[in-house]
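Notes follow once the structure below has been shown.
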2 protein chains.
Amino acid sequence: MKQVTIYDIAKEAKVSAATVSRVLNNTAPVKESTRSKIMQIIHKYQFQPNALARSLLKKETGTIGVIMPDITNPFFPEVFSGIDRAASEMGYTFFLCDTLGDTRKESQYLHMLREKQVDGILFLGGRINLSKCDPELAEEVVETASRIPTVLINGNLPGTSLHRVILNEAKGAEMATQFLIDAGHRSIAFIAGNEEMTTTAQKVRAFRRVMKKNGLEAAKDSVLYGDYSMASGESSMEKILARRERPTAVFCVNDLTAVGALKAAMKAGVSVPDEVSVIGFDDIPLASAIYPELTTVSQRMDLLGGTGVQVLHKMILKEKVKMLTVIEPELVVRNSTRNLR
Amino acid sequence: MKQVTIYDIAKEAKVSAATVSRVLNNTAPVKESTRSKIMQIIHKYQFQPNALARSLLKKETGTIGVIMPDITNPFFPEVFSGIDRAASEMGYTFFLCDTLGDTRKESQYLHMLREKQVDGILFLGGRINLSKCDPELAEEVVETASRIPTVLINGNLPGTSLHRVILNEAKGAEMATQFLIDAGHRSIAFIAGNEEMTTTAQKVRAFRRVMKKNGLEAAKDSVLYGDYSMASGESSMEKILARRERPTAVFCVNDLTAVGALKAAMKAGVSVPDEVSVIGFDDIPLASAIYPELTTVSQRMDLLGGTGVQVLHKMILKEKVKMLTVIEPELVVRNSTRNLR
DNA sequence: TTGAAAGCGCTAACAG
DNA sequence: CTGTTAGCGCTTTCAA
């Protein structure tokens, strides 16, 4: 079936293509009788203008590229949902680019998004969470950002200056640690993620700092590294429970890990929170859906995503925006932690 | 910064745009010396061709639209992941269209995807899961599908004939029910989803059929309706536990609901599986990450998504494909169910 | 092996 | 209020 174009409509209505375009876009007054005739024909053919042609001309596509490492990790759908909610009103649609944590795919997507002329890019995870990011990879992002408005969500590329929207993770980790200490815990373990990632490094530093500040010792083996997954939380918790000296509380780098830790505890017949307190990070929906409900630090993922879009939108409009927007975490106390006093 | 075009490259290389296009696409032999000169200039400007212009001409965008009701429900990211894995090798990228279960948004996205000239559409959830779908809504999909290859995943539009890839849900529900009965359960409740949706209706029918076949009674109140969420599973389970005559097993329409049910049981101090068995449906990652690990029916979501893409891809290539592809469910026995014999 | 020219479908001046 | 004209950036004959 041949695609019907604005010319076909114009011919049948005995007007010029320009006039059809005018009624399509309401971009200039058109006599009511012509308008309705045109409308009728448009309807008859179920005509829809070709967005490619329009975008080619207008140099805007109404499309945003979202790069993320793993849509299967509940954190990202939540952020995406916030992005979507904020941006669909503005008329944007999204290329969802799942990199599976593969740096090469990140590069590919960066290129692809440029070719497809997206209006903006939202970058989450991957290289922007590496403590030591290869300068070439960083340069790639900078290069892209110099042509397409780009905002990094919850990440950074040291040595560059890109627009960012981040959650104050250090603060969140401080809050969690202090909360545990205030509840009387003196021996606390931290189930972390990947050591090379800032999402872990920042929290570990904050954790150690707060412990020290409270005159507590964070033994070397108090921090266990993993990969942010439920499986990793489970195995780390097993190790912890196997020790002769168990901590009374465990702080997890994210909720997924915490859920895994909870499972390990239950499996071992160790009661949470009676025998060990567990606190997570993120506040994904799952956190409040399990038993015991998880005490956690909210990343306010929808706000994170929504704010990212707002910043990006302003950049697209060439309005002024702060380079850095930081969102404050919130402690959400539920039932997986116990007050020892 | 003005966008650099193929002409700028051509001019600087002192060749025609056609030649540049040839080296870009390897579409005709080019003298090695010219080729390398052009390449060098392309590199210098970090030139990337404008995909809009190319797509306008070639009438293909390498883009697939994926319409789904809720990216926040773990089922969908899993399917998407399967789609992505299968399709990114083929060079497709995705518009992710989250409808939030809003029929109007579905319509909007259908239109938008057409305007953006996607090569194909994958439709999940929403109107294609309604037992009684408004003919106009169905017609909209048919109309779209007549112009753009479209496949429905896990759904149907009665009275139309569209390409579909579905999981045999009735079979899955039969397997789950029979499994419970074989384990000696005689009183079984079913926590369902929305009564108007086929994902619920099919399972309810299968559940009743198998009960009857085994000479068991499925009392009217044995089926509780809800909305597929963890919260709905929790509240339904609370109702069930409040009865003087408790069933010994509960079959849940999906894993999310089952997780909610588990929570309610734990909260009430009712042991799963000792006092009540719980079986889910889907096998999302969460199912095996909680304690007790959930017995469930696998929807093989990655296969579902991957197969959907394969079918779609063939349609795009105008190859022959079966209208209907059905995937068989698998029972995954874990620890949330108990054998009574 | 290369260039000229036409055109994908649309919009934006500029006239009238 | 409406038509004409000229592209947007690219690919593809057709000739040379």
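First the proteins, then the strands, lettered A, B, ... as listed; each starts at 1.
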*Starting from the 5' end of DNA chain C, give me the residue, B/Glu32 or A/Tyr7, whose nearest nucleotide shows up first.*
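First, find each residue's nearest nucleotide; the 5'-ward one identifies B/Glu32.
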Ignoring backbone atoms, establish whether [X] has a side-chain N or O less than 4.0 Å from OP1 or OP2 of [N].
X	N	answer
A/Thr5	C/dC8	no
A/Thr34	D/dC1	no
A/Lys59	D/dG9	yes
B/Lys14	C/dT2	no
B/Asn25	D/dT11	yes
B/Thr27	D/dT11	no

Starting at atom [atom1] of [X], determine the distance to atom [atom2] of [N], rounded to an integer number of angstrom.
X	N	atom1	atom2	value
B/Leu52	C/dT11	CG	P	14 Å
B/Ile6	C/dG3	CD1	P	12 Å
B/Glu115	C/dC8	CD	P	20 Å
A/Glu60	C/dC10	CD	P	17 Å
A/Ile42	C/dC10	CD1	P	10 Å
B/Arg22	C/dG3	CZ	P	8 Å
A/Leu56	C/dT11	CG	C1'	11 Å
B/Lys31	C/dG3	NZ	C1'	14 Å

_Most 5' of A/Arg35 and B/Gln48 on DNA chain D, judged by nearest nucleotide_ =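 In this pair, the answer is A/Arg35.
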*Residue closer to the 5' end of DNA chain D, B/Ala53 versus B/Lys58 (nearest nucleotide)*: B/Ala53
*Side chain of B/Ser21 - closest among D/dT12, C/dG3, D/dC8*: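 The closest nucleotide is D/dT12.
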*asked:* List the residues meeting salt bridge (Lys or Arg N to Asp or Glu O under 4.0 Å) with B/Lys44, not counting sequence neighbours, and say none if there are none.
replied: B/Glu12
_I'd like to know if the side chain of A/Lys116 pairs up with that of B/Thr61 as donor and acceptor (distance under 3.5 Å, no hydrogens or angles considered)._
no
_B/Arg54/B/Glu60 ion pair, N-O < 4.0 Å_ =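 No salt bridge links B/Arg54 with B/Glu60.
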*asked:* Between B/Phe94 and A/Phe95, is the ring centroid distance below 6.0 Å?
replied: no
*Under 3.5 Å donor-acceptor, A/Thr160 side chain and A/Val142 backbone*: no
